[in-house]
Amino acid sequence: MANILIVNIKELIGVDESGRLAARGREMGEPGLLHDAYLLISDGKIVDYGKMHARSVASLAGSFPDAQVLDAAGRLVMPAFCDAHTHLVYPASRELEYIDKIKGLSYEEIAKRGGGILNTAARMGSISEKELFESAQYRLHEIMRMGTGAVEIKSGYGLTPETELKMLRVIRKLKETSPLSIKATFLGAHAVPLAFKGNQAAYVDQVINEMIPAVAGEDLADYIDVFCDKGFFTVEDTDRILNAGMKYGLRPKIHANELANSGGIQVGVKYNALSVDHLEYTGDDEIEALLTAETMPVILPGAAFFLGMPLAPARKMIDAGLPLAMASDFNPGSSPSGNMQLILSMASILYRLIPEEGLLATTLNGAYAMGLSEELGSISKGKTANVLISHPMPGLAYMPYYYGTNKIETVILNGKIQIVNH
Ligand code: NIG
Ligand code: FE
């Protein structure tokens with residue numbers, strides 16, 4: 001495999017040889033940074049980096065004779081984004097509901113009328129696996145162009161054993177064919193399907209007795225999720241489902257406290273969830289529960305922005321010493337964008353994270369929330385070379401500041417140049 005030598009890097013950001021799997025509290029404001037640096041990639045891995053100073057481009061290139069040399073003068077180099085929460089396999093967009101939303105209907109009201117998740121699920125039965133795969137592949141390419149190198153994708157728009165498996169098989173095929181690192185999460189308990197209306201317990205039984213064994217039998221999921229919230233699944237439902245998942249080795253990553261203070265965070269912590277996600281309704285008790293846990297809190301700014309929800313208390317969480325990740329929630333109903341650069345901007349504009357904290361929330365801590373931070377999420381020797389080169393810019397703060405455009409020039413995944421945006 002080819003070697004790549006990046007030279008004259010204005011700022012190499014996210015440098016980390018501590019071996020830590022996540023950054024928490026005050027550490028989040030201090031990602032490692034080198035000015036005027038070089039980075040060497042070999043056989044898909046980061047093998048070396050350092051300051052240019054004493055070393056000229058010619059001498060560096062001489063030490064690595066077969067390397068392709070990229071000049072990053074005036075540019076930042078950073079780890080590719082790690083997007084720990086998406087639903088990017090879906091059959092159709094939902095811009096008609098979006099109009100209802102503009103006119104004032106809430107997410108819950110739309111859901112009650114059979115819209116929302118059920119609207120998407122109604123289309124899942126008829127779409128072919130091929131179409132589902134191709135549309136998701138397009139979205140993966142789109143997010144890769146904007147700098148995402150690793151992504152978690154959930155099922156949850158099928159809501160029958162057959163269609164949930166169909167979604168997960170599509171995710172498996174994406175894993176096999178995409179240069180992105182992908183983790184699959186089984187989300188059978190995303191909504192109660194119409195066929196089980198008024199009989200939620202029977203649907204939970206089906207998730208536990210039919211779906212989980214089938215998903216585990218084909219080894220289709222890395223994680224298990226439940227939408228534990230007001231109007232969706234209760235703490236008791238969640239408890240039962242996570243307990244069943246645990247027996248098959250499925251670690252939870254759950255939707256919690258988006259619509260109400262639902263007890264979701266505590267039940268997630270109880271089952272040693274890898275992450276609890278959304279968290280709009282997070283109080284002191286929830287922060288307390290997370291402080292001693294190995295569970296990553298994940299905030300989804302795109303959903304709060306798109307649905308006009310209250311904002312999760314990100315600043316308070318970091319100041320209390322917690323780690324924090326931010327992800328896109330890319331889905332057709334509550335966050336129709338997988339642009340992690342926009343998430344970085346929202347991190348600072350809406351949630352008052354400084355750019356350095358935003359960077360760690362969308363790289364190393366996102367990798368943690370996918371179980372990938374041993375190999376991804378920072379510029380560390382031996383880690384997989386998922387690396388971005390920015391367009392020329394003054395410094396890291398420009399990244400969230402100049403919002404709305406693609407500021408990534410080159411995307412390198414697994415040590416290979418995948419994209420060059422001009
Ligand atoms: O994370 N909150 C639950 N699920 C998704 C929304 C899915 C949809 O509306 O299609 C979310 O926001
Ligand atoms: Fe979600």
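Read the numbers this way: they start at 1 and go in the same order the structure lists the ligands and their atoms.
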Quick one: side chains of residues 257-269, donor-acceptor pairs under 3.5 Å with protein atoms, not counting sequence neighbours, listed by atom name and distance.
residue: N257; atom: OD1; partner: S262; partner atom: OG; Å: 3.0
residue: N257; atom: OD1; partner: G264; partner atom: N; Å: 3.3
residue: N257; atom: OD1; partner: I265; partner atom: N; Å: 3.4
residue: N257; atom: ND2; partner: N261; partner atom: OD1; Å: 3.3
residue: N257; atom: ND2; partner: Y281; partner atom: O; Å: 2.9
residue: E258; atom: OE1; partner: H278; partner atom: NE2; Å: 3.2
residue: S262; atom: OG; partner: C228; partner atom: O; Å: 3.2
residue: S262; atom: OG; partner: N257; partner atom: N; Å: 3.4
residue: S262; atom: OG; partner: G264; partner atom: N; Å: 3.3
residue: Q266; atom: NE2; partner: E286; partner atom: OE2; Å: 3.2

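Formation of a donor-acceptor pair under 3.5 Å by the E294 side chain with backbone atoms of N272 is not found in this model. With Y368 contributing its side chain and A23 its backbone, the two residues share no donor-acceptor pair below 3.5 Å. Remark: side-chain polar atoms of N414 are paired, donor with acceptor, to backbone N or O of P179 under 3.5 angstrom. Proximity of a side-chain donor or acceptor of D237 to a complementary backbone N or O of T234 within less than 3.5 Å is detected. Of the possible polar contacts, one joining the T295 side chain to the A273 backbone as a donor-acceptor pair under 3.5 Å is found. A donor-acceptor pair is defined here as one N or O able to donate and one able to accept, closer than 3.5 Å; such a pair exists between the side chain of S328 and the backbone of F330.
Taking atom 9 (O) of ligand 1 as the reference point, the nearest protein heavy-atom neighbour is Y107 OH, 2.7 Å. Counting protein heavy atoms only, atom 3 (C) of ligand 1 is closest to F227 CE2, 3.3 Å. Here the protein heavy atom with the shortest distance to atom 4 (N) of ligand 1 is H190 NE2, 2.8 Å. Scanning the protein heavy atoms around atom 12 (O) of ligand 1, the nearest turns out to be S334 OG, 2.5 Å. Ranking the protein heavy atoms by distance from atom 11 (C) of ligand 1 puts D329 OD2, 3.1 Å first. Distance from atom 2 (N) of ligand 1 to its nearest protein heavy atom, with residue and atom name: E258 OE1, 2.8 Å.
Legend: protein N/O/S atoms lying under 2.8 Å from the Fe ion (ligand 2), waters omitted, number 4.
Residue-ligand proximity, H85 to ligand 1, at heavy-atom distances under 4.0 Å covers atoms 1 (O). Contact atoms of ligand 1 toward H87: 1 (O), 4 (N), 5 (C), 11 (C) (distance under 4.0 Å to a heavy atom of the residue). Atoms of ligand 1 found under 4.0 Å from any heavy atom of I117, numbered from 1 in the order shown, are 7 (C), 8 (C), 9 (O), 10 (O).
Ion pairing of K166 with E162 is absent here, as no side-chain N (NZ or NE/NH1/NH2) approaches a carboxylate O to less than 4.0 Å. Looking at D222 and K253, no side-chain N of the basic residue comes within less than 4.0 Å of a carboxylate O on the acidic one, giving no salt bridge.
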Inset, instruction - Walk me through it: do R20 and E27 pass the test salt bridge (charged side-chain N to carboxylate O under 4.0 Å, His left out)? - result: CA-CA 11 Å; R20 65 182 172 180; E27 294 167 4; 3.5 Å; yes

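Where the criterion is an N or O separation shorter than 3.5 Å, residue side chain and backbone included, T120 fails it with respect to ligand 1.
Heavy atoms of Y157 come nearer than 4.0 angstrom to ligand 1 in at least one pair.
Within 6.0 Å of atom NZ in K175, more than 12 heavy atoms from other residues, nucleotides or ligands are found, so the atom counts as buried in its surroundings.
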